[in-house]
There are 2 protein chains.
Amino acid sequence: MTHSPNLSLYVTPPGSKATSRDEQIVRELLQAIVDRRLRPGTRLPEDSLGEAFKVSRTTIRKALQKLAQQRLVSMEHNRGARVAQPGRKEAADVFKARRLIEVALIPAVYENRHSDAYKELHDLVAQEKAAHREGKFQEEVQLSARFHVQLAVATGNLILGEQVAQLTSLSSLIISLYGTSSSVGCDCGEHTELLKLIESNQVAEAQTWMDHHLDAIYQTINTTQDSGDDVDFKSMFSA
Amino acid sequence: MTHSPNLSLYVTPPGSKATSRDEQIVRELLQAIVDRRLRPGTRLPEDSLGEAFKVSRTTIRKALQKLAQQRLVSMEHNRGARVAQPGRKEAADVFKARRLIEVALIPAVYENRHSDAYKELHDLVAQEKAAHREGKFQEEVQLSARFHVQLAVATGNLILGEQVAQLTSLSSLIISLYGTSSSVGCDCGEHTELLKLIESNQVAEAQTWMDHHLDAIYQTINTTQDSGDDVDFKSMFSA
DNA sequence: GTATACACGATTGTATCCAATCCTGATATT
DNA sequence: AATATCAGGATTGGATACAATCGTGTATAC
C-alpha cells in the first residue's frame with residue numbers, strides 16, 4: 001500500500017510489490033548511505049550514477065530528488081547533489097525529535113502488544129544478539145535501526161512508522177558524520193530490556209528507558225571527522 | 001536554509017530565498033489543495049498543468065513527485081497523478097500522529113516561550129480572531145493551520161516543524177474529504193487558551209487541552225459521511 | 001609576484017521526442 | 001443480450017538534445 005522507500009528499507013512487508021527502477025536506486029543509495037559506504041559530502045553526479053546503474057539521468061534525478069526530500073542528500077542549484085552533511089544544530093534537532101516521538105509512542109505500542117508487528121520485535125532482538133555474538137558489526141547496526149522503526153510500526157500507525165524511519169535514516173547519516181565507534185556500539189543488545197518493561201506493563205519505565213537510550217546515543221556525538229574522497233560508483237554498484 | 005516547500009507555505013522566514021520554478025508550482029498546488037479548490041481525487045494531467053503554468057512536463061513531474069512524497073497526491077504507474085484520497089485508516093493515523101507529536105512538543109514550546117518564534121503565535125491568534133470576526137472563513141482555516149505549525153516551529157526544532165507542517169497539510173486534505181463545515185469551525189479562536197496555559201506554567205494542562213483539541217477535530221471527521229462530487233468507493237465499501 | 005579577466009570544460013536545468021501502457025468505445029461472437 | 005476481443009486515442013515513462021550556469025585554469029596586465 002505505502003510507497004515509502006525509506007520505510008521499505010527497514011520493514012519488508014510480505015507482499016513484495018513491483019518496485020519501479022528509480023525506487024530500487026533510492027533503496028540502494030539509501031543503503032549505501034546508512035552503511036557509511038557513501039560518506040557525507042560525497043558528490044553524486046548524475047552522469048556517473050546513471051552509468052553505474054545503467055539508466056539515464058532522468059531516472060537518477062528522480063531518485064536523488066526523493067532522497068533530497070528526506071534530507072539525506074542536499075541539492076544546490078546548478079551545483080548538483082551530494083550526500084548531506086547536517087550541521088550540528090540539525091543533528092541535535094533530529095535526535096530531539098526522535099526522543100520526543102519515540103518516547104511518546106510507547107503507550108501505543110503497549111496497546112498493540114499482541115499484534116504481529118509487535119512479535120516481529122522479538123525476532124529482531126534475536127537477530128541483533130546473534131549479529132553481536134558473531135561480530136558482524138555492520139549488520140548489528142542495521143538491525144538496531146530496524147528495531148526502532150519496527151517499534152513505531154508496532155503502533156499500527158504507518159504514518160508514524162514512516163516518520164520514524166526517516167529520522168532513523170538521518171540518524172545513521174549523522175552518526176556517520178559526528179559519531180565514533182562507540183556511538184553505534186553503545187546500544188547493542190539492550191533492546192530486550194525495553195520489551196520486558198512493556199510486557200510487564202511498566203509503560204512509564206519503558207518511556208524513561210527510551211529517553212535515556214536515545215540521549216545516550218546523542219551524547220556520543222562529539223568529535224568531528226570529515227571525509228570527502230571521490231568514490232568509484234561502478235565498482236560499488238556493479239550490476 | 002531549509003528547502004521544505006511544505007513548511008514555507010506556513011512560515012515565511014524573513015529572508016525569502018530564490019525559489020526555483022518547480023517549488024513555486026509545488027506551493028501553488030499545495031495551496032490549492034489545502035484551500036479545497038482542488039478536491040481529493042481530481043486528476044492532475046501533466047499536459048494541462050504544464051500548459052497552465054507555462055512550463056514543460058518535466059517541471060510539472062518534478063513538482064508532482066514532491067507532492068506525492070508528502071502523500072498529498074497519489075501517483076499510480078502509467079495512470080498519472082491525482083489529488084490523494086486518504087482512506088479512513090490513513091486519516092485516523094494522521095490525526096493520531098498529530099496528537100502524539102503535538103502534545104509531546106508542548107514542554108519544548110514552554111522552554112522556548114521567550115523566543116521570537118513564540119511571539120509570532122500571538123500575532124497569528126490575533127489575525128485568526130480578526131478573520132473570524134470578518135467572516136473570512138477560508139482565511140481563518142488557513143491561519144488555524146499556521147498556528148499549529150508555528151507551535152512546532154516555536155520549539156526551535158526545524159525538523160519537528162517540517163513533520164508537523166506535513167501532517168497539517170494532510171489534515172486539511174482529510175478534512176476536505178471527510179469533514180463538514182463544523183470540522184474547521186470548531187477550533188476557531190480558542191487557541192488563545194493554549195497560550196494562556198503555557199504562559200502560566202500549566203504545561204500539563206496545556207497538553208490535555210491540545211489532546212482534546214485535536215481529538216475534537218478528529219471526531220468530526222470520524223462520524224461524518226463522505227463528501228464531494230465523486231465518491232471514494234474504496235473507503236465506502238472498505239476493501 | 002599578485003590579481004583580475006576570460007575562455008573552456010564539466011555539470012546541471014529544461015524541453016522535446018519516441019516508445020510503452022492504459023482507457024474507451026466499437027465490433028464480433030456465442 | 002451479454003461477453004470477449006481488438007483497435008484508436010490519450011497519457012505517461014524514460015531517454016536524448018540543447019541551453020544555461022558554475023568552477024577551474026590560463027593568460028595577461030599592473
Side-chain angles (χ1 to χ4, degrees), chain A residues 3-5 17-29 38 40-85 228-234 236-237 239, chain B residues 3-5 17-29 38 41-69 71-85 229-234:
Chain A
H3 246 266
S4 159
K17 61 207 71 209
T19 49
S20 55
R21 186 82 184 96
D22 67 280
E23 288 221 7
Q24 292 176 19
I25 294 172
V26 168
R27 278 227 296 276
E28 287 212 47
L29 288 173
L38 282 176
T42 307
R43 292 197 55 192
L44 301 169
E46 299 171 357
D47 289 346
S48 338
L49 284 173
E51 208 171 314
F53 287 109
K54 287 173 184 164
V55 292
S56 76
R57 283 177 47 213
T58 309
T59 307
I60 294 294
R61 286 181 64 103
K62 204 192 308 199
L64 288 178
Q65 227 168 39
K66 290 185 180 177
L67 289 167
Q69 203 156 349
Q70 311 238 358
R71 291 178 166 272
L72 285 163
V73 318
S74 62
M75 299 183 74
E76 279 178 287
H77 192 70
N78 276 322
R79 289 231 219 121
R82 57 182 61 210
V83 179
Q85 294 175 292
D229 301 324
D230 275 342
V231 182
D232 180 27
F233 297 113
K234 277 216 200 101
M236 182 174 286
F237 299 114
Chain B
H3 246 265
S4 159
K17 61 207 71 211
T19 48
S20 55
R21 186 84 185 94
D22 66 281
E23 287 221 8
Q24 292 177 17
I25 294 173
V26 168
R27 278 227 296 275
E28 288 211 46
L29 287 174
L38 281 176
T42 307
R43 292 199 56 191
L44 301 169
E46 299 172 356
D47 291 347
S48 338
L49 285 174
E51 207 171 315
F53 287 108
K54 287 173 185 164
V55 292
S56 76
R57 282 176 47 212
T58 309
T59 307
I60 295 295
R61 289 183 59 146
K62 201 189 317 198
L64 289 177
Q65 229 169 33
K66 290 185 179 177
L67 288 167
Q69 202 157 349
R71 292 177 165 274
L72 285 163
V73 318
S74 63
M75 300 183 71
E76 279 179 285
H77 192 72
N78 276 322
R79 290 233 216 117
R82 57 181 60 208
V83 180
Q85 294 174 293
D229 308 329
D230 36 36
V231 187
D232 180 21
F233 295 112
K234 276 240 187 74

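Order of the sequence lines fixes the chain letters, A, B, ..., with proteins taken first and strands second; residue numbering starts at 1 for each chain. Bear in mind that the values here come from a model prediction, so they are computed numbers and not experimental data.
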Any non-hydrogen side-chain atom of A/Ile60 less than 4.5 Å from a side-chain atom of A/Leu44?
no

Starting at CE of A/Met75 and ending at C1' of C/dG13, how long is that distance when rounded to a whole Å?
10 Å

Could you go through the side chain to side chain contact (heavy atoms under 4.5 Å, CB included) check for A/Gln69 and B/Gln65 one step at a time?
CA-CA 10 Å; A/Gln69 203 156 349; B/Gln65 229 169 33; over 6 Å; no

Listed pairs, N/O of protein and of nucleotides 9-12 of chain C, under 3.5 Å:
residue : atom : partner : partner atom : Å
C/dT12  : OP2  : A/Glu46 : N            : 3.4

Over all atoms of both residues, closest heavy-atom pair of A/Leu64 and A/Ala81
CD1-CB, 4.0 Å

Residue pair A/Ala84 / A/Pro40: nearest heavy atoms and the distance that separates them
O-CB, 3.3 Å

So the contacted stretch of DNA chain D, first to last nucleotide with an atom under 4.0 Å from a non-hydrogen atom of chain A, runs from D/dG14 to D/dG23

For residues 46-57 of chain B, tabulate all N or O donor-acceptor pairs below 3.5 Å that involve a side-chain atom, not counting sequence neighbours.
residue : atom : partner : partner atom : Å
B/Glu46 : OE1  : B/Arg57 : NE           : 2.9
B/Glu46 : OE1  : B/Arg57 : NH2          : 3.1
B/Ser56 : OG   : B/Thr58 : N            : 3.3

Let me confirm one number: the CD-OG1 distance from A/Gln85 to A/Thr42, rounded to the nearest 0.5 Å.
8.0 Å

Could you give the distance from OG (A/Ser20) to CE (B/Met75), rounded to the nearest 0.5 Å?
10.0 Å

Over its full length, what angle do the end axes of the helix from C/dG1-D/dC30 to C/dT30-D/dA1 make, each axis taken from five pairs and the result rounded to 10 degrees?
0°

OP1, OP2 of C/dA15 versus side-chain N and O of B/Ser56: anything below 4.0 Å?
yes

Give a yes/no on whether any side-chain N or O of B/Lys62 is located under 4.0 angstrom from OP1 or OP2 of C/dG13.
no

Report which part of the nucleic acid A/Thr59 touches: base, sugar-phosphate, or nothing (heavy-atom distance under 4.0 Å, all strands).
sugar-phosphate

Which residues pass the salt bridge (Lys or Arg N to Asp or Glu O under 4.0 Å) test with A/Arg79, not counting sequence neighbours?
A/Glu76

Between A/Arg27 and A/Gln24, is a side-chain hydrogen bond (donor to acceptor under 3.5 Å, both in side chains) present by the stated rule, with each step listed?
CA-CA 5 Å; A/Arg27 278 227 296 276; A/Gln24 292 176 19; over 6 Å; no

Under the side-chain hydrogen bond (donor to acceptor under 3.5 Å, both in side chains) test, which residues partner B/Glu28, sequence neighbours left out?
none

